Amino acid sequence: MALCVRALLGSAAARSLASPGRSLLPLRGRTLTLPGLRCASTVQQRVELKRRKALEGGGEKRTEAQHARGKLTARERVALLLDPDSFTELDMFVEHRCSDFGMEADHNKYPGDSVVTGHGRINGRLVYVFSQDFTVFGGSLSGAHAQKICKIMDQAMTVGAPVIGLNDSGGARIQEGVESLAGYADIFLDTSYLFITGPDVVKSVTNEDVTQEELGGAKTHTSVSGVAHRAFENDIDALLSLRDFFNFLPLSNKDPPPVTECHDPSDRLVPGLDTLVPFETTKAYDMLDIIVDERDFFEIMPNYAKNIVVGFARMNGRTVGIVGNQPKVASGCLDINSSVKGARFVRFCDAFNIPIITFVDVPGFLPGTAQEYGGIIRHGAKLLYAFAEATVPKITIITRKAYGGAYDVMSSKHLRGDVNYAWPTAEVAVMGAKGAVQIIFRGKENQAEAEAEYVEKFANPFPAAVRGFVDDIIQPSTTRLRICRDLDVLASKKQTNPWKKHANIPL
Amino acid sequence: MAAYRVTPTFQRVLRAVKHASLRPRCYIISCHSQYSTVYDPHEKTFDKILIANRGEIACRVIKTCKKMGIKTVAVHSDVDSSAVHVKMADEAFCVGPAPTSKSYLNMDAIMEAIRQTGAQAVHPGYGFLSENKEFARRLAADGVSFIGPDTHAIQAMGDKIESKLIAKAAKVNTIPGFDGVVKNAEEAVKIAGEIGYPVMIKASAGGGGKGMRIAWNDEETREGFRFSSQEAASSFGDDRLLIEKYIDNPRHIEIQVLADKHGNALWLNERECSIQRRNQKVVEEAPSTFLDPVTRRAMGEQAVSLAKAVKYSSAGTVEFLVDSKKNFYFLEMNTRLQVEHPITECITGLDLVQQMIRVAKGYKLQHKQEDIPINGWAIESRVYAEDPYKSFGLPSIGRLSQYEEPLNLPGVRVDSGIQEGSDISIYYDPMISKLVTYGSTRAEALKKMEDALDNYVIRGVTHNIPLLREIIVHPRFISGDISTNFLPEVYPEGFKGHPLAAGEQRELLAAAAALHVAAQLRSQRFLGQQRVSSVPQERRNWELCVELDKRVHMLGVSRSGNSYTVEIDGEKVVVSGEWNLASALLPLTINEITLQYLGTSFKVRVLSKLAASLNKLMPEKIPEDTSSILRSPMPGTVVAVSVKPGDTVAEGQEICVIEAMKMQNSMTAAKTAKVKSVHCTAGETVGEGDLLVELE
């Protein structure tokens with residue numbers, strides 16, 4: 001499997017080349033002269049001409065229009081994304097083959113058509129890139145355009161390198177098989193929209209009034225639909241963040257995740273964690289306080305289903321995926337959206353050999369008809385399935401509540417968790433003391449007394465620890481040290497699932 | 001440790017030692033070597049003391065109790081159950097929920113704690129029940145010692161009028177004035193002449209500055225009399241006027257006194273507390289640059305005579321206003337241990353808490369007046385969780401995600417009651433710590449304060465270190481030219497952070513660039529990764545654009561080993577030393593670094609030349625129209641909402657009131673408009689930046 005990262009830079013079009021990277025400028029003064037070959041100079045001139053035209057994209061006017069929208073051109077984007085001087089372009093001379101509606105005319109042909117493709121390096125690591133050029137026919141997808149993309153995808157597959165797509169297209173001129181792209185989409189605030197059918201079609205079919213921004217803007221896709229995984233301030237912010245993000249990922253599913261130099265000692269204690277979980281069991285705290293203190297955390301879908309936090313971090317330089325319930329939002333309960341968000345992330349990590357660290361503080365699944373009718377059982381099962389199926393190292397820390405079915409789901413020992421820890425504040429139980437007592441002692445007196453007994457018996461980590469469901473009860477300040485040590489141990493973990501054509505996750 | 005070695009000031013980029021946690025915490029080592037008094041184990045005082053307070057002062061009292069071999073009992077509210085003072089004490093007792101009225105001010109619960117733990121004495125700290133005569137009376141009734149003065153001294157000094165009368169009788173200078181009613185302008189001139197100019201004419205029924213006039217000569221007195229009586233009549237329906245001496249540009253200087261139950265009293269020199277905002281002290285020092293030995297002695301002797309007049313025992317403070325001619329006037333007496341007591345301890349060598357405990361047990365003072373020295377100079381900065389850019393400090397709250405006190409430096413004392421991971425909540429005082437430095441001279445103490453502030457790591461809450469850092473290096477402060485009006489005079493437009501001089505700016509830019517390059521290089525280094533291209537050698541030269549305060553600077557960086565040479569406008573700055581990227585200074589977001597330099601935090605954005613040229617094409621973020629949106633400037637509780645949707649409000653009209661840390665803040669409309677929507681209700685807790693009300 002090749003890793004595909006897709007960045008959406010705008011929907012529907014750059015001073016030609018006043019400033020882009022040096023590598024993209026025409027190679028002046030390097031004309032090859034081949035003595036004895038007739039017309040060599042004319043061919044050479046044509047090459048030069050075409051090359052210059054390709055580099056100009058849709059021309060000065062359209063480039064200015066693109067800039068006026070606050071967007072960069074396809075080539076400017078590539079130059080920013082890749083290491084300086086590392087871009088090798090392919091298919092610069094490809095042109096579209098449409099012969100209708102006057103498209104065959106020379107002035108309607110652009111060398112390279114509406115997409116820039118090739119390969120380059122990000123921090124020295126190989127990556128294939130395609131970047132749609134809005135200045136040429138609105139970046140629309142032609143046969144040639146699709147062919148160019150398919151070519152680099154095929155090449156990427158053979159060498160085991162990722163593909164990054166920078167999308168900026170009004171839609172299809174012809175639709176072809178690029179829809180198979182999987183992976184992460186990034187979407188930009190304010191300048192980009194993404195929808196299957198635009199507002200006009202929506203109006204005619206369902207009679208809904210909706211703006212482009214409401215229907216398919218960055219806010220919609222990052223907070224409501226969950227289609228996009230992260231939104232950024234602008235092109236530059238997005239592309240530079242993408243470079244950062246890329247450093248977390250392996251080049252392919254056959255490569256180990258990258259390990260970078262780490263200046264933060266792995267045996268450092270974090271005393272602040274000892275006082276993080278509040279005294280009252282019903283009080284919220286911010287799960288990000290645990291994670292963010294490790295500093296370098298790249299959160300995925302930060303605005304969608306906020307009751308679960310997922311993202312990439314490094315422990316002792318090694319990439320890990322982090323999943324954590326967020327007590328600050330809806331008490332950190334699991335519902336349909338958070339289950340699906342979590343499941344998708346867990347599978348992504350497993351697919352790319354990235355160890356998963358899970359922080360558990362979950363009061364249960366969200367009750368109610370909306371959830372039941374929406375299929376919470378089916379969607380909750382996705383997360384359960386994803387954790388159970390994952391064969392990468394799995395480390396789980398129960399910080400506080402781990403109630404009922406939701407406890408099982410959150411990478412518990414029962415789902416082949418490799419290392420499961422509990423903090424002293426952990427409570428592994430079927431449900432909270434109050435609810436449990438109300439059921440067990442329904443209609444009876446002395447409920448308060450019974451509740452105290454229940455708390456004494458179950459609202460602590462011991463019931464789970466004596467059964468071996470947690471491997472140890474640890475002091476929170478030592479959590480970082482323990483995880484780093486376990487990751488070292490688990491680095492050689494080998495586990496295979498029974499043979500099957502493909503796994504059968506409850507989609 | 002990250003260090004940037006170029007010029008001495010370059011070391012002032014906050015260079016945080018990351019692994020603070022591995023160092024012993026302050027309360028374990030308790031290294032107050034500045035005390036010269038001995039703790040005589042044979043001098044029996046109490047077996048067990050309950051500290052009816054929280055935070056740093058509770059910790060401070062516990063430290064001395066430990067040295068004296070006394071067991072301690074902490075009281076705490078439920079949210080404070082894992083607070084530092086609770087961990088330090090031998091026993092802890094929960095006295096109620098978070099609000100102070102239900103816990104730290106809950107006398108019934110505290111009396112119960114005393115009964116259950118068998119504490120023989122109570123130290124009240126400052127604030128809370130420290131000057132509550134009812135509490136002192138109840139303790140006395142139960143046979144428990146109150147570590148403080150007797151009830152009648154608390155009562156006498158607690159009443160403004162009574163305390164002034166007692167002071168007058170004890171021959172203490174009080175603000176001269178005419179207590180009777182002034183009949184006409186000519187009489188006013190006559191009285192003013194007797195008091196001496198300048199004088200203040202104010203309405204007898206007055207308040208809030210209305211009906212108040214300052215006069216510097218006879219003419220102004222006549223005029224002031226006329227205006228004030230008119231204003232008083234229209235504002236209060238009462239045109240009676242008083243005249244008293246106006247203290248121009250006063251300093252706030254206080255004398256520490258210590259007295260026993262046997263009629264002995266000492267003065268322990270003065271503390272200069274003129275740097276204030278909203279009547280709260282910010283920076284204090286001892287001694288004062290302003291007092292000469294004669295004035296000091298005169299003030300000290302008057303303070304002692306007042307203490308004797310009320311049969312005072314224990315530690316107390318007599319506050320004076322001092323005018324520019326060194327005339328001093330009694331203001332009030334605080335019958336408790338003051339917040340700023342550590343600076344007195346530093347210069348005298350006395351442990352005031354120890355002395356209070358001894359006196360409470362009935363021992364005589366060990367010292368004579370001539371034994372009390374002034375050894376060197378001590379300065380205290382109050383480090384608060386507050387935003388100094390908003391009226392010199394509006395409270396902020398949060399969790400101290402990283403916290404390290406600069407205790408590794410010599411001559412530094414930090415009194416605090418929090419640690420890494422502690423919460424600064426809306427329920428209590430937002431003070432983080434008292435940072436005290438001392439040296440043989442004022443200059444030495446100030447230099448140490450600079451270093452200490454530069455090495456203080458606080459993350460997670462907004463703090464006032466930028467302001468403190470600016471005050472202590474301000475020429476007026478250094479020359480000792482200060483008064484209670486210092487802050488508004490020096491920063492008439494409000495505090496804006498440190499203005500960077502050209503050299504400082506170069507250093508900051510160089511630090512940002514070096515950090516950026518180091519981070520870039522590291523992100524290209526993969527361990528055990530086979531498939532990194534056999535790329536060329538590491539780059540040695542970079543062209544960067546650094547954006548600081550909306551200005552873009554072009555920089556060239558070249559690296560050799562761990563040394564970065566940054567070229568800015570033809571000047572070269574070398575950044576080198578032992579440092580790495582795991583310091584507190586790691587970039588917070590991509591290419592945006594926040595550096596704390598000379599106390600102030602600066603946001604710096606570093607981009608490659610290419611990215612910077614393209615960045616010009618990016619649309620600017622349109623700032624929110626703040627005139628039609630009212631957001632909470634700080635976390636707190638909404639006390640009252642005075643408008644509802646559809647109401648029309650006038651510019652400056654009150655919209656709602658927010659209470660935070662004992663302060664009520666009135667939120668007013670920025671323009672005349674109709675109220676579109678109201679997003680808060682009375683009693684609700686709001687965070688900083690929460691939307692309160694929208695106008696049309």
Side-chain angles (χ1 to χ4, degrees), chain A residues 14 18-21 66-72 76 79-80 83-84 86 121 123-126 160-161 190-191 233-237 239-241 243-244 247 251 255-256 258-265 268-276 278-280 285-286 289 292-293 295-296 317 477, chain B residues 18-22 25 78-83 399-403 419-423 459-460 518 520-536 539 579-583 586-592 607-621:
Chain A
S19 50
Q66 177 84 343
H67 285 165
R69 283 189 200 97
K71 302 199 295 180
L72 299 180
E76 287 167 341
L80 259 186
D83 293 346
S86 73
R121 306 251 164 199
N123 289 320
R125 299 198 305 155
L126 179 65
D190 303 334
T191 56
E233 200 75 0
N234 57 39
D235 282 24
I236 292 180
D237 186 25
L239 292 166
L240 296 180
S241 301
R243 281 177 65 87
D244 252 17
N247 255 21
L251 290 180
D255 287 277
V259 183
T260 55
E261 205 176 275
C262 180
H263 296 166
D264 198 358
R268 178 171 61 89
L269 296 179
V270 190
L273 294 183
D274 284 339
T275 51
L276 180 68
F279 172 73
E280 304 98 318
Y285 60 99
D286 194 346
D289 280 343
V292 164
D293 263 0
R295 293 283 158 72
D296 203 359
S477 54
Chain B
K18 170 82 176 194
H19 320 298
S21 40
L22 298 178
R25 307 300 307 182
D78 55 10
V79 293
D80 270 347
S81 58
S82 58
R399 196 171 167 273
L400 290 165
S401 57
Q402 195 181 0
Y403 181 75
Q419 59 187 359
E420 191 167 306
S422 291
D423 259 322
R459 294 186 72 217
Q520 290 288 307
L521 285 176
R522 181 172 74 162
S523 65
Q524 287 163 18
R525 251 172 259 144
F526 297 94
L527 309 175
Q529 191 82 10
Q530 306 296 311
R531 301 181 56 203
V532 179
S533 74
S534 48
V535 205
R539 277 175 73 183
W579 56 283
N580 68 42
L581 292 165
S583 74
L586 264 198
L588 295 177
T589 55
I590 172 104
N591 292 320
E592 213 164 88
L607 290 174
S608 68
K609 207 174 160 190
L610 170 68
S613 70
L614 295 175
N615 196 41
K616 291 183 195 129
L617 300 167
M618 293 295 105
E620 252 189 81
K621 259 237 169 297

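Everything numeric in this text was worked out from a predicted model, so none of it was measured. Quick note on labels: first sequence line is chain A, next is B, and so on, each numbered from 1.
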Rounded to the nearest 0.5 Å, the CG atom of A:N123 sits from the CZ atom of B:R525 at a distance of 11.0 Å

One should read off an interatomic distance between B:S422 OG and A:L276 CG, to the nearest 0.5 angstrom, of 11.5 Å

CD1 (A:I236) and OG (B:S608) are apart, to the nearest 0.5 Å, by 8.5 Å

To the nearest 0.5 Å, atom CD of B:E420 lies from atom CG of A:L273 at 8.5 Å

Pair A:V259-B:F526, side chain to side chain contact (heavy atoms under 4.5 Å, CB included): steps then yes or no
CA-CA 6 Å; A:V259 183; B:F526 297 94; over 6 Å; no

Between B:L527 and A:T260 the two heavy atoms that sit nearest each other are CD1-O, 3.9 Å

So CD of B:Q524 and CZ of A:R121: to nearest 0.5 Å the spacing works out to 12.0 Å

Looking only at B:G421, B:S523, B:S82, most heavy-atom pairs under 4.5 Å shared with chain A are made by B:S523

